Amino acid sequence: MLIASWNVNSVKARLQNLLTWLEEAKPDIVALQELKCVDEAFPRSEIEALGYNIETFGQKTYNGVALLSRYRLEDIIRGIPGFDDEHSRYIEAVVSTSSGALRVASLYLPNGNPVDSPKYPYKLAWMAAFEKHAEILMQNEEAFVLAGDYNAIPSPQDVHAPDAWEGDALYRPETREAFRRLVNLGLTEAVGTLTTTGPDTYTFWDYQGGAWPKNKGIRIDHHLLSPLAADKLVNVRIDKHTRDWEKPSDHVPVLIELDMA
DNA sequence: ATGTCACAATGGTTGTGA
């Protein structure tokens, strides 16, 4: 089973790229972020035509997350339970496979910049609420994957210039600590577990300043797996070639393969 | 070359967020 996470930076602006990539990669489940459109405006029919079921949690202009799945999506949750959030940043569902249920979430964690604005406390509050929710999920001892744009750079090797990013909301010590707390609940961060992270595993390059050709990237899109899901993890992949396409997103798809046999 | 992009509300450009 192939599961992908992709911040598309507007699903309408990225529709052609998204369709091309879906046909090429043939993922079973996709977590999308930054839809930048309301549910009614989501390009459902084009994506359904490729064989996907769709659940969206959209928002005008900003944010918005969705799940695409070849399996039926059930027990949909929109928003982190118990967390009052004005932004559409979290959607969760359960799929039933021949080898049992799998819970999947698509999340778009707040950016948090600038750090001296209310945006950074909001980011940390979001991370705390998400950690609390993940802790509850862990108690159920199920297979689950929390996929998305975490807007968190886990370690120095995940950023081209650690010193320059020291004060940034994506890399500040508090952000990294919160990300570690999350992982330390017993989750497995897929890419870091199966590969050596570094300049080859970035997932985002700014549109500005020639960041992509210079490989001035960061690794902020992650899959966190419960122990039962991590037991099935056999492969990870980052589809960097999509960054070379016309009208690219600033993020590229990050994929994991679970052996559900 | 400050090598960006998407969106919204304009009013034909500017602000916002990333």
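Hydrogens, waters and symmetry mates play no part in the numbers below; they use all other heavy atoms, side chains included. This structure is a prediction, so every number in the text was calculated from the model and none was measured. Chain letters run A, B, ... following the sequence lines, proteins first and then strands; every chain starts at 1.
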Chain A footprint on DNA chain B, 5' to 3' - any atom under 4.0 Å from a heavy atom: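 Extent of the interface on DNA chain B: B/dT4 to B/dA18.
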
Toward the 5' end of DNA chain B, which comes first, A/G209 or A/K60, by nearest nucleotide?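 Checking each residue's closest nucleotide, the 5'-ward one belongs to A/G209.
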
Name the residue closer to the 5' end of DNA chain B, choosing between A/P213 and A/E34 according to the nucleotide with the nearest heavy atom.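 It is A/P213, whose closest nucleotide lies nearer the 5' terminus.
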
Quick one: do A/R181 and A/E174 make a salt bridge, cutoff under 4.0 Å?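 Salt bridge absent between A/R181 and A/E174.
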
Do the side chains of A/E55 and A/R78 get close enough for a salt bridge, i.e. N-O under 4.0 angstrom?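 So A/E55 pairs with A/R78 through a salt bridge.
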
Identify whether any heavy atom of A/Y108 sits under 4.0 Å from a base atom; if not, whether one sits that close to sugar-phosphate; answer base, sugar-phosphate or nothing.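 Sugar-phosphate contact only - A/Y108 comes under 4.0 Å of backbone atoms but never of a base.
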
Do A/N9 and A/R14 have side chains that get closer than 4.5 Å, going by heavy atoms?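 Result yes, sub-4.5 Å side-chain heavy-atom pair found.
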
Restricting to salt bridge (Lys or Arg N to Asp or Glu O under 4.0 Å), what partner residues turn up for A/R103, sequence neighbours left out?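 Counting only residues at least two positions away or on another chain, A/R103 forms a salt bridge (Lys or Arg N to Asp or Glu O under 4.0 Å) with A/E92, A/E142.
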
With under 30° as parallel and over 60° as perpendicular, where do the rings of A/F83 and A/Y122 fit, or are they tilted in between?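 Ring orientation, 0 to 90° scale: parallel.
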
If you measure from the C1' atom in B/dT10 to the same atom in B/dG15, how many Å do you get, rounded?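 These two C1' atoms come out 11 Å apart once rounded.
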
How far, in whole Å, is B/dG11 from B/dG17 if one measures between their C1' atoms?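 So the two C1' atoms sit 23 Å from each other.
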
Would A/R70 pass as a cation-pi partner of A/Y52, given that its NZ or CZ must be under 6.0 Å from the six-membered ring centre and within 45 degrees of the axis?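 Yes.
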
